[in-house]
Participant: 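First the structure, which I've put down as structure tokens, then a few questions once you've had a look.
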Number of protein chains: 2
Amino acid sequence: MRRVEPSVLPFGRPRGERADAARNREHLLLVAREMIAEDGVEKVTMDGLAERAGLGKGTVFRRFGTRAGIFAALVDDAERALQESVMGGPPPLGPGADPVRRMIAYGRARIAFLRDHHAVVRASLDRNRPVFAGVAGMSTLHIGMLLEQIRREGRADFTDIAALTIQLTAALEGPFLLYLGATASMPEHSPDFESGPSLGDSWQDLVERVCAPTA
Amino acid sequence: MRRVEPSVLPFGRPRGERADAARNREHLLLVAREMIAEDGVEKVTMDGLAERAGLGKGTVFRRFGTRAGIFAALVDDAERALQESVMGGPPPLGPGADPVRRMIAYGRARIAFLRDHHAVVRASLDRNRPVFAGVAGMSTLHIGMLLEQIRREGRADFTDIAALTIQLTAALEGPFLLYLGATASMPEHSPDFESGPSLGDSWQDLVERVCAPTA
DNA sequence: AGCATAAGCGGACTTTACCCCGCTTATATT
DNA sequence: AATATAAGCGGGGTAAAGTCCGCTTATGCT
């Protein structure tokens with residue numbers, strides 16, 4: 001592996017992280033991706049990963065804290081592109097468009113993301129960690145922001161924005177986070193998810209109704 | 001050779017169940033309730049439960065299949081009352097009332113139920129089992145039925161009832177199923193859930209908007 | 001370069017869900 | 001009442017997550 005940072009400033013990582021630790025993290029992530037590609041998510045065990053990476057089990061846990069942590073790191077990585085599109089890309093996903101349109105566009109993009117990564121996303125769920133602050137954190141933040149904006153523009157008057165934010169986030173992510181186990185692939189086993197567009201279309205319908213001007 | 005068909009015997013236990021097995025099941029449930037009351041859900045282990053009940057570990061698994069199964073049985077039991085109110089009780093929860101009002105009433109009742117039982121409900125989640133067919137099955141069925149009725153009465157035209165059913169179910173149950181780990185008690189750790197009525201009020205708001213007559 | 005030290009590392013150990021399978025017993029039939 | 005048999009039972013066995021702690025090593029300082 002070649003050096004990525006010719007400049008001397010060690011600013012990319014949290015100050016304390018050693019070079020070997022960073023290298024090991026990358027390596028573990030790489031090996032994890034391989035194992036997932038070969039045998040699927042549920043075949044990735046901490047011992048197996050450690051052995052195949054030529055490292056000790058303790059190291060794996062030190063780096064990722066928990067099994068879910070590995071997948072969370074993977075998801076985090078994959079999410080980056082969407083995150084950047086939302087924060088700085090062109091409308092309607094990025095800033096500048098009408099907030100309702102942005103919400104629709106975001107939902108559709110997020111649904112596509114979840115559909116593409118559902119196995120890893122589900123595996124990243126940590127039983128003792130709030131999902132809305134973890135995996136769904138981006139959705140919660142963004143949806144909340146857009147609702148706030150809609151209200152500020154006087155286009156609708158919501159009873160409780162915080163509660164509605166959570167409910168909409170759940171409506172968006174819930175179908176993927178709650179529907180199936182990590183094992184089975186979603187589309188095959190559930191007719192409700194077969195039709196690609198329907199969940200996205202339904203999200204659009206939902207958002208348009210919820211954000212319609214109060215009669 | 002006569003094979004006993006375990007399919008449809010509408011009441012009681014699956015026909016083949018022996019008396020001692022039934023007795024053991026009840027006893028295990030009882031002991032589980034005690035252990036939960038004393039030390040909380042996560043302290044209930046299969047070995048601990050078996051030992052305290054004076055039974056073998058294998059028996060516990062035979063009865064409930066999985067750890068989650070125990071809690072699922074407990075939830076199922078607790079759910080019965082709500083289920084009966086919904087199917088045969090007085091309006092607006094029971095049949096006869098306007099479907100939108102019924103949906104609002106159902107959501108409020110379900111929220112109260114989930115709030116009261118969130119620890120056990122969360123523990124009843126099985127990683128490899130569709131939530132919408134398990135814990136949230138009642139909600140999925142009922143919400144779907146009401147949406148269907150609303151559409152049939154020509155009061156609103158939904159893009160995709162199946163998808164919307166899942167999304168609304170997720171909006172209703174998601175906050176409880178996804179928010180916190182089984183350990184922490186929800187209200188204390190999350191300001192969003194502190195205000196008792198707000199989630200219910202927000203549900204009402206959501207339902208009224210979604211089911212509003214199309215302009 | 002040499003040193004001090006905090007970060008990293010490894011792998012044995014513990015805990016717990018879940019499996020297996022030979023033995024026991026309730027129950028229906030005669 | 002005796003019997004056949006399917007259901008139930010028990011508990012030892014396995015696998016995998018997560019913990020611990022003594023050893024190793026990168027790194028910053030002098």
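Note on naming: letters A, B, ... go to the chains in the order of the sequence lines (proteins, then strands), and numbering restarts at 1 for each one. As the structure is a prediction and not an experimental result, all values here were calculated from the model.
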Participant: So, using salt bridge (charged side-chain N to carboxylate O under 4.0 Å, His left out) as the criterion, who are the partners of A/Glu34 when residues are at least two apart?
Facilitator: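 Once residues adjacent in sequence are excluded, the partners of A/Glu34 under the salt bridge (charged side-chain N to carboxylate O under 4.0 Å, His left out) criterion are A/Arg52.
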Participant: Can you confirm whether the side chains of B/Ser202 and A/Asp160 place a donor and an acceptor under 3.5 Å from each other?
Facilitator: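 Note: B/Ser202 and A/Asp160 side chains miss the donor-acceptor criterion.
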Participant: Output the rounded distance in Å from CG (B/Leu49) to C1' (C/dC18).
Facilitator: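 So the CG-C1' distance, B/Leu49 to C/dC18, works out to 14 Å.
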Participant: Just jot down the side-chain contact (heavy atoms from CB on, under 4.5 Å) partners of A/Asp20, sequence neighbours excluded, or say none.
Facilitator: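 Partners of A/Asp20 under the side-chain contact (heavy atoms from CB on, under 4.5 Å) test: A/Arg18, A/Arg23.
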Participant: Which is true for B/Arg23 with a 4.0 Å heavy-atom rule: it touches a base, it touches only sugar-phosphate, or it touches nothing?
Facilitator: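 It contacts nothing in the nucleic acid.
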Participant: Could you go through nucleotides 25-27 of chain C and list every protein N or O atom that sits under 3.5 Å from one of its N or O atoms, giving the distance for each pair?
Facilitator:
unit_1 : atom_1 : unit_2  : atom_2 : d
C/dT25 : O2     : B/Arg18 : NH2    : 3.2
C/dA26 : O4'    : B/Arg18 : NH1    : 2.8
C/dT27 : OP1    : B/Ala19 : N      : 3.0

Participant: Does A/Arg63 make a side-chain N or O approach to OP1 or OP2 of C/dC9 shorter than 4.0 Å?
Facilitator: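 Result: yes.
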Participant: Without decimals, in angstroms, what is the distance between B/Phe71 CZ and C/dA17 C1'?
Facilitator: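 Rounding to the nearest Å, CZ of B/Phe71 and C1' of C/dA17 are 12 Å apart.
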Participant: Can you list the residues that meet the salt bridge (charged side-chain N to carboxylate O under 4.0 Å, His left out) rule with B/Arg33, with sequence neighbours excluded?
Facilitator: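 Partners of B/Arg33 under the salt bridge (charged side-chain N to carboxylate O under 4.0 Å, His left out) test: B/Asp77.
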Participant: Mind checking what makes side-chain contact (heavy atoms from CB on, under 4.5 Å) contact with B/Ala133, not counting sequence neighbours?
Facilitator: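 Here the qualifying residues are B/Pro130.
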Participant: List the residues meeting salt bridge (charged side-chain N to carboxylate O under 4.0 Å, His left out) with A/Arg67, not counting sequence neighbours, and say none if there are none.
Facilitator: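 None.
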Participant: Phosphate oxygens OP1/OP2 of D/dG8: is one of them under 4.0 Å from a side-chain N or O of B/Asn24?
Facilitator: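 Result: no.
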Participant: Expressed as a whole number of angstroms, how long is the span from B/Lys43:NZ to C/dA17:C1'?
Facilitator: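 Nearest whole value for this atom pair: 18 Å.
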Participant: Sequence neighbours left out, what passes side-chain contact (heavy atoms from CB on, under 4.5 Å) with A/Met145? Give chain and number order.
Facilitator: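 Testing A/Met145 for side-chain contact (heavy atoms from CB on, under 4.5 Å), a comparison that skips the adjacent residues, returns A/Arg102, A/His142, A/Gln149.
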Participant: If a protein heavy atom is under 4.0 Å from the base, mark B; if only from the sugar-phosphate, S; if neither, -; do that for nucleotides 14-23 of chain D going 5' to 3'.
Facilitator: --SBBB----
Participant: Can you sort out the partners of B/Arg110 under salt bridge (charged side-chain N to carboxylate O under 4.0 Å, His left out), two or more places apart, ordered by chain and number?
Facilitator: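 Only B/Glu79, B/Glu173 meet the salt bridge (charged side-chain N to carboxylate O under 4.0 Å, His left out) criterion with B/Arg110.
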